[in-house]
Amino acid sequence: QVQLVESGGGLVQAGGSLRLSCVASGPTWTNYAMGWFRQAPKKEREFVSAISWSGATTEYVDSVKGRFTISKDDAKNTFYLQMNSLKPEDTAVYYCAVKKAAGSLYKVFKNIYDYDYWGQGTQVTVSS
């Protein structure tokens, strides 16, 4: 049974930082890509960041470029989203996701329908 468990969300003032973690458990994790998405109240779930199987390729939505960093630790089956200079508009529930059988070492995936497994979500609230 595949499970993704997120942690690290919380309440922070504008300009502050948080680091989200997503621990993956289940079958052996090879040939997979990862992503982070977020969903604000009354809005659709949107792409935030993604990382390729090798970790060599990363991508971000324009609104977080220069502020967020995605990374992963294969030895721990864990991937992260470091969020700096947070803004009130970053407030949302953040979800991690994994796509199995990613194929290419360097391809990233930005569409929610590309992903096979999802975490339960962690709330991030940024106060002004």
To the nearest 0.5 Å, how far apart are [atom1] in [X] and [atom2] in [Y]?
X     : Y      : atom1 : atom2 : result
Glu46 : Ser63  : CD    : OG    : 6.0 Å
Ser7  : Gln120 : OG    : CD    : 8.5 Å
Gln39 : Ile112 : CD    : CD1   : 8.5 Å
Met34 : Asn77  : CE    : CG    : 7.0 Å

Any non-hydrogen side-chain atom of [X] less than 4.5 Å from a side-chain atom of [Y]?
X      : Y      : answer
Glu6   : Tyr94  : no
Gln13  : Ser127 : yes
Asp116 : Tyr32  : no
Phe68  : Asp90  : yes
Val98  : Val2   : no

Side chain Tyr115, main chain Phe109, donor-acceptor under 3.5 Å: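 Judged by distance alone, yes, a pair lies under 3.5 Å.
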
Any donor-acceptor N/O pair, Lys110 side chain to Gly35 backbone, under 3.5 Å: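 Looks like no, no N/O pair under 3.5 Å.
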
With Ala56 via side-chain contact (heavy atoms from CB on, under 4.5 Å) - residues at least two apart: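 Testing Ala56 for side-chain contact (heavy atoms from CB on, under 4.5 Å), a comparison that skips the adjacent residues, returns Ser54, Tyr106.
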
Residues that Asp62 engages under side-chain contact (heavy atoms from CB on, under 4.5 Å), provided they are two or more places apart: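 Per chain and number, Asp62 pairs via side-chain contact (heavy atoms from CB on, under 4.5 Å) with Lys65.
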
With sequence neighbours excluded, residues passing ring-ring contact (aromatic ring centres under 6.0 Å, His included) with Phe47: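 Here the qualifying residues are Phe37.
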
All pairs passing disulfide bond (SG atoms under 2.5 Å apart) where residues 63-128 contributes a residue, at least two apart: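 As it turns out, the disulfide bond (SG atoms under 2.5 Å apart) pairs with a partner in residues 63-128, which skip direct neighbours, are Cys22-Cys96.
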
Out of curiosity, does [Y] fall in the hydrophobic cluster containing [X] (side-chain heavy atoms, cut-off under 4.5 Å, transitive links)?
X      : Y      : result
Val12  : Leu20  : yes
Val108 : Leu4   : no
Val124 : Trp118 : yes

For the student: nearest non-hydrogen atoms of Gln123 and Val93, plus distance: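 Here Gln123 and Val93 meet closest at OE1-CG2, 3.2 Å.
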
Selection residues 70-91 - residue pairs positive for ring pair (Phe, Tyr, Trp, His ring centres under 6.0 Å), sequence neighbours left out: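 Found Trp36-Phe79.
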
Qualifying residue for side-chain contact (heavy atoms from CB on, under 4.5 Å) with Ile51, from Ile70, Thr57, Thr69: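 So, applying the side-chain contact (heavy atoms from CB on, under 4.5 Å) to Ile51 and each of Ile70, Thr57, Thr69, only Ile70 qualifies.
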
For residues 81-89, which side-chain donor-acceptor pairs fall under 3.5 Å, sequence neighbours excluded?
unit_1, atom_1, unit_2, atom_2, d
Gln82, NE2, Asn84, OD1, 2.9
Asn84, OD1, Ser17, OG, 2.9

